[in-house]
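Some notes on the structure that comes next.
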Amino acid sequence: MKPSIPRGTRDFGPAEMQKRQYILNIIRKNFELFAYQPIETPAMENIGTLTGKYGDEGDQLIFKILNSRIHESKNKDVLKKEFDLSLESSRNSEELTEKALRYDLTVPFARFVVMNQHNLTFPFKRYQIQPVWRADRPQKGRYREFYQCDADVIGSNSLINELDLIALMDKSFGELNIPVVLKINNRKILAGIAETIGAPDKMIDIAVAIDKVDKIGQQGVENELKEKGFTKDQIRVLYGAILVHGGSVIYGDSLRDKNNNINSLSALVNGTEFGKNETFRKGIDELAYLFNNIEVSDSKKFRVQFDATLARGLNYYTGTIFEVKTNAGTFTPSILGGGRYDDLTGIFGLPNMSGVGISFGIDRIYDVMEELNLFPENISKTASTQLLFAHFDEVTQSHCIKLAGELRKNNISCEIYPDVTKKLGKQFDYANKKNIPFVCTVGSNEMQSGVYALKNMEKGEQQQLNLTDLIEFLKK
RNA sequence: GUAGGUAUAGCUCAGUUGGUUAGAGCAUCGGUUUGUGGUACCGAGGGUCGUGGGUUCGAGUCCCAUUACUUACCCCA
């Protein structure tokens, strides 16, 4: 049988893992620095926990798990009926699939919070680093299994939490050395717009259409809106707010334009029909607060923009929404997403629990860093084995076991060439290929004298050292 | 769901208008070299050309189907 793995999934070899861990370590360190606490949840959830939270498109991308032992069911007639219905339309049948793989970390977190509400101190700040699964069609930067690194705080309405998360993003992307743009919007603004033009349930349609203005132009957006059933009048009013200001959907650009951001916000309130809508004004107020209070360490590396077209497909967002993209290179997918959800726990029976969080997508961060060549050069050498013991027979090999033990006591990473061979060349070649910088050759002479030959593989130099000196030398 | 592209050795790929026994580089193993690697030279193993059918005297090459992979749209990390 030819070995293979499901499409959209990947294996990671040692070289890739070293880079992935480099990214993970920076993010995890910052999560802890900002006082978020770790949790983990199961890979699978009961399917009812997940459905209905991600929007129609999202729900269809949930990986469902076929119930086991359906052949033992006593209700096969029901199963057959359910199966036939499932062939006709997209639906959930708990007779067939009562479990599913998690689609993100936020919804399982909300479920966790409700189940553990009496053991948690609120506001609760948690971080979670685990894989998620989506039944998407894989392509560049899009995987069916990938890691999310989430930081959320739940049980607090304060916009201080948003500022905290912005500082966390700034620091993390700064340390990863990725130049990024943080786009911010507020679902209340989108909701206010939808209410004003008399289509309160079509907020997502509006945002999705407007978001494409860069790609398909104003006319294209208009056509798409018409297709979605908007009238000419509605579209005209919409354009009044969204496109009139400089012809762009982006109002401010970076913190250096802080005033520009704020001015354009107030112009929206005072100069358009939308200003009369309370939800809209609330959204603008919240955004203005954030722009007035954002502090970032380096506004050249970390730019912040208000983007009125930023929508995000997930249903549960209600306030601030975040998205981060890199602005360098050709591969520029979103590498972080997040936002505020006012009532995600309500459906599980715990209302009035506002939360806000972000999710780093390390698989795409990896792809971006690879393209921009942002990994440190020495990354492959930093964590690898320091020394290989080469030998000639069973006697000298077993002597190496003792020596390796001594080195490991001193935290020196080393290994013994596992096969017995007289061919030193083979053993040196092995060290070479594994990037092991030192080889210690142990023959019968060395065993008797206690003085070993230590070779520096890079320089080709060799020196004679006893065990104590050997350890001292390698410790440096 | 829609539209493209690709499939030949472990890997990356050549393979001409259809024509003898399908090639190269890298990798692997052996040798030159039985206590010193990277280089060099010599040699070896490794292929039902994704699968099934068709056209033809003859198919890796042309046609049809099918599967897998891949890219873009949609949506998303």
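Chain naming here is simple, since letters A, B, ... match the order of the sequence lines and numbering starts at 1 in each.
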Query - Partners meeting side chain to side chain donor-acceptor pair (under 3.5 Å) with A:Thr345 (sequence neighbours left out) - result: none
Query raised in the report: If you measure from the P atom in B:G31 to the same atom in B:G38, how many Å do you get, rounded?
Result: 14 Å
Report summary line: In whole angstroms, the gap separating C1' of B:C73 from CD of A:Glu57 amounts to 12 Å
Report task. Answer with yes or no whether the side chains of A:Glu371 and A:Thr330 bring together a donor and an acceptor at under 3.5 Å. Result -> yes
Query raised in the report: Under 4.0 Å: is that the gap between some side-chain N or O of A:Gln139 and OP1 or OP2 of B:A72?
Result: yes
Query raised in the report: Any donor-acceptor pair under 3.5 Å joining the side chain of A:Arg364 to the base of B:C76?
Result: yes
Query - Rounded distance in Å - CZ (A:Arg7) to P (B:A7) - result: 19 Å
Query raised in the report: Base, sugar-phosphate, or nothing: which does A:Leu336 touch, judged by heavy atoms less than 4.0 Å apart?
Result: sugar-phosphate
Report summary line: Closest heavy-atom pair, A:Leu105 versus A:Gln128, reported as atoms and distance to 0.1 Å, is CD1-O, 3.4 Å
Query raised in the report: Which one of A:Asp367, A:Thr9, A:Asp136 satisfies the side-chain contact (heavy atoms from CB on, under 4.5 Å) criterion with A:Tyr143?
Result: A:Asp367
Requested in this report: Have a look at A:Gly141 and say if it touches a base, only the backbone sugar-phosphate, or nothing, with a 4.0 Å heavy-atom cut-off.
Outcome: base
**Report entry** Exercise: do A:Tyr54 and A:Asp104 side chains pair donor with acceptor under 3.5 Å
**Finding:** yes
Report task. Kindly confirm whether the side-chain ring of A:Phe360 is stacked on the base of B:A77, judged by centres under 5.5 Å and planes under 30°. Result -> no
Query raised in the report: Does a side chain donor of either A:Glu286 or A:Asn186 reach within less than 3.5 Å of an acceptor in the other side chain?
Result: yes
Query raised in the report: Does one side chain, of A:Thr51 or A:Asp59, offer a donor that lies under 3.5 Å from an acceptor on the other?
Result: no
Query raised in the report: Quantified in whole Å, what is the P atom distance between nucleotide B:G43 and nucleotide B:G25?
Result: 12 Å
Query raised in the report: When the distance from CG of A:Asp136 to P of B:C75 is rounded to whole Å, what number comes out?
Result: 12 Å
**Report entry** Listed nucleotide nearest any side-chain atom of A:Arg142, set B:C69, B:U71, B:C75
**Finding:** B:C75
Query raised in the report: Rounded to whole angstroms, how far apart are CH2 on A:Trp133 and C1' on B:C76?
Result: 17 Å
Query raised in the report: B:A77 P sits how many Å from A:Ile321 CD1, rounded?
Result: 11 Å
Query - Rounded interatomic separation in angstrom, taking CG from A:Leu61 and P from B:A77 - result: 11 Å
Query raised in the report: Which is true for A:Tyr430 with a 4.0 Å heavy-atom rule: it touches a base, it touches only sugar-phosphate, or it touches nothing?
Result: nothing
Query raised in the report: Which whole number of Å gives the distance between the P atom of B:C42 and that of B:U33?
Result: 16 Å
Query raised in the report: Taking the same atom, P, in B:A3 and in B:C74, what whole-Å distance lies between them?
Result: 16 Å
Report task. Could you give the distance separating B:G60 and B:U55 at their P atoms, to the nearest angstrom? Result -> 16 Å
Query raised in the report: For residues A:Glu415 and A:Tyr430, is any side-chain donor paired with an opposing acceptor at under 3.5 Å?
Result: yes
Report task. Could you give the distance separating B:G23 and B:A68 at their C1' atoms, to the nearest angstrom? Result -> 26 Å
**Report entry** Dot-bracket encoding of pairs in RNA chain B, which uses [ ] for pseudoknotted crossings and | for another strand, Watson-Crick or G-U under 3.5 angstrom
**Finding:** (((((((..((((.....[...)))).(((((.......))))).....(((((..]....))))))))))))....
Query raised in the report: In whole Å, what separates the C1' atom of B:C49 from that of B:A7?
Result: 10 Å
Requested in this report: Could you tell me the separation between the NZ atom of A:Lys140 and the P atom of B:C69, rounded to a whole number of Å?
Outcome: 20 Å
Query raised in the report: If we take the P atom in both B:G5 and B:C63, what is their distance in whole Å?
Result: 12 Å
**Report entry** Validation row: A:Lys19, A:Tyr366 side chains within 4.5 angstrom (heavy atoms)
**Finding:** yes
Requested in this report: Assign a letter to each nucleotide of nucleotides 26-42 of chain B from its 5' end: B, base within under 4.0 Å of a protein heavy atom; S, sugar-phosphate only; -, no contact.
Outcome: --S--S---BBBB----
**Report entry** Distance, rounded to the nearest Å, where A:Glu227 contributes CD and B:C74 contributes P
**Finding:** 13 Å
Query raised in the report: Are a donor atom and an acceptor atom from the side chains of A:Tyr127 and A:Asn30 found within less than 3.5 Å of each other?
Result: no
Query raised in the report: Which sits closer to the 5' end of RNA chain B, A:Tyr103 or A:Gly8, going by the nucleotide each is nearest to?
Result: A:Gly8
Query raised in the report: With side chains defined as the heavy atoms from C-beta onward, is the minimum distance between A:Phe124 and A:Gln37 less than 4.5 Å?
Result: yes
Query raised in the report: Looking only at N and O atoms, is any donor in the side chain of A:Arg137 or the base of B:U2 less than 3.5 Å from an acceptor on the other one?
Result: yes
